[in-house]
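One structure below.
Counting convention: from 1, in listed order, for ligands and their atoms alike.
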Amino acid sequence: MKAGLVYDPIYLEHDTGDHVENARRLVDAISYLNETGIKEKLTCLCARPASLEELEMVHAPEYICYVKSKAEKGGGWLDPDTVMSPKSYEAAVYAAGGVMAAVDAVMKRDVDNAFALVRPPGHHAVQSRAMGFCIFNNVAIAAKFALSKFSLNRVLIADFDVHHGNGTQDAFYADPRVLYFSAHQYPFYPGTGWMDETGTGEGEGTTVNFPMSAGWGDEEYLRAFNEVLVPLARRFQPERILVSAGFDAHWADQLAMMRVSITSFAQMSMILKELAAELCQGRLVFTLEGGYNLRVVAASTKAIFDVLLGNSEIDDPLGKASTARKPQGFDEHIEKIKGIHRLEGT
Ligand SMILES: [Zn+2]
């Protein structure tokens, strides 16, 4: 298997100081890929800047101008969580372009699959506003790009970042061409993503939210994937799968309260890889969203590349969450979600 890596030093120039979403997340991940010897097995893909037209597939022209001029004036806060430095506009433009470069390479068969290690992350960014450390919605722009450039009709976006990808949901809420599946802690930032948010108009049914109670972990995530995402993906028949990969559902992440292990991130990625093989000639692109424990981000990134390369051994240097606690109420919860999406008896 040929797995592509998108990375560019410009991503480090989005200087957020000692903010949790900082350049060390990528510096440490890249060093770890080097130290473990896996980087030399990857095919490096060049990031490129997104064009204005491409950004405008998701964002309002006035908002893009505002971000650009703010960078030119030295940066500052875009919202209470999202800070910019002078180079942040360029980094954000390359982050969106990096995911599109990965889509392009997978579509042209330069690589079998790819993981874009970009920042700033994207899935909270909405049409006219930055939110939650995100400036432009990289995965939404890449999905629009896949639909338009390659004349696709159906794209699946799977999002296992611990936060609900409200921006991605918004971008495709009325769009039947994109099946958006998100598993996330709820209630939690940004407040959206309850199971009854299922899309609107022609897009009714193509938004699938799997809220998770604080404290749930490996077993619950894998059941959500196997019992809800897999049958819905088979029903939808995507021509391309994009993944918003955040590692903040890990038990050691300091921002959230879920109990997922690196092994489970790899297993979820394996499920997605198998779905891609079954439904869309293996065409699969991951992009980095959140994840704030540096060791977790580095080791999870490596684990996903192991999955993409087809390596059977997955290293999990942090192991499973320490105390085994029986989750409450999961069975009824998943049945409700299956009911909403008419998955009874599957
Ligand atoms: Zn997150």
Do any of the N, O or S atoms of H163 sit under 2.8 Å from the Zn ion (ligand 1)?
yes
Taking the six-membered ring for Trp, are the ring centroids of H164 and Y186 within less than 6.0 Å of each other?
no
Test side-chain contact (heavy atoms from CB on, under 4.5 Å) applied to A60 - qualifying residues, sequence neighbours left out:
E62, Y63, Q127, S128
Near the Zn ion (ligand 1), is there an N/O/S atom from E289 that is less than 2.8 Å away?
no
K73: partners by side-chain contact (heavy atoms from CB on, under 4.5 Å), with sequence neighbours left out:
S69
What N/O/S atom of D248 is the closest to the Zn ion (ligand 1)?
OD2
From the list F225, F172, F160, ring pair (Phe, Tyr, Trp, His ring centres under 6.0 Å) partner of F181 resolves to F225
The atom name of the N, O or S atom in D161 nearest to the Zn ion (ligand 1) is OD1
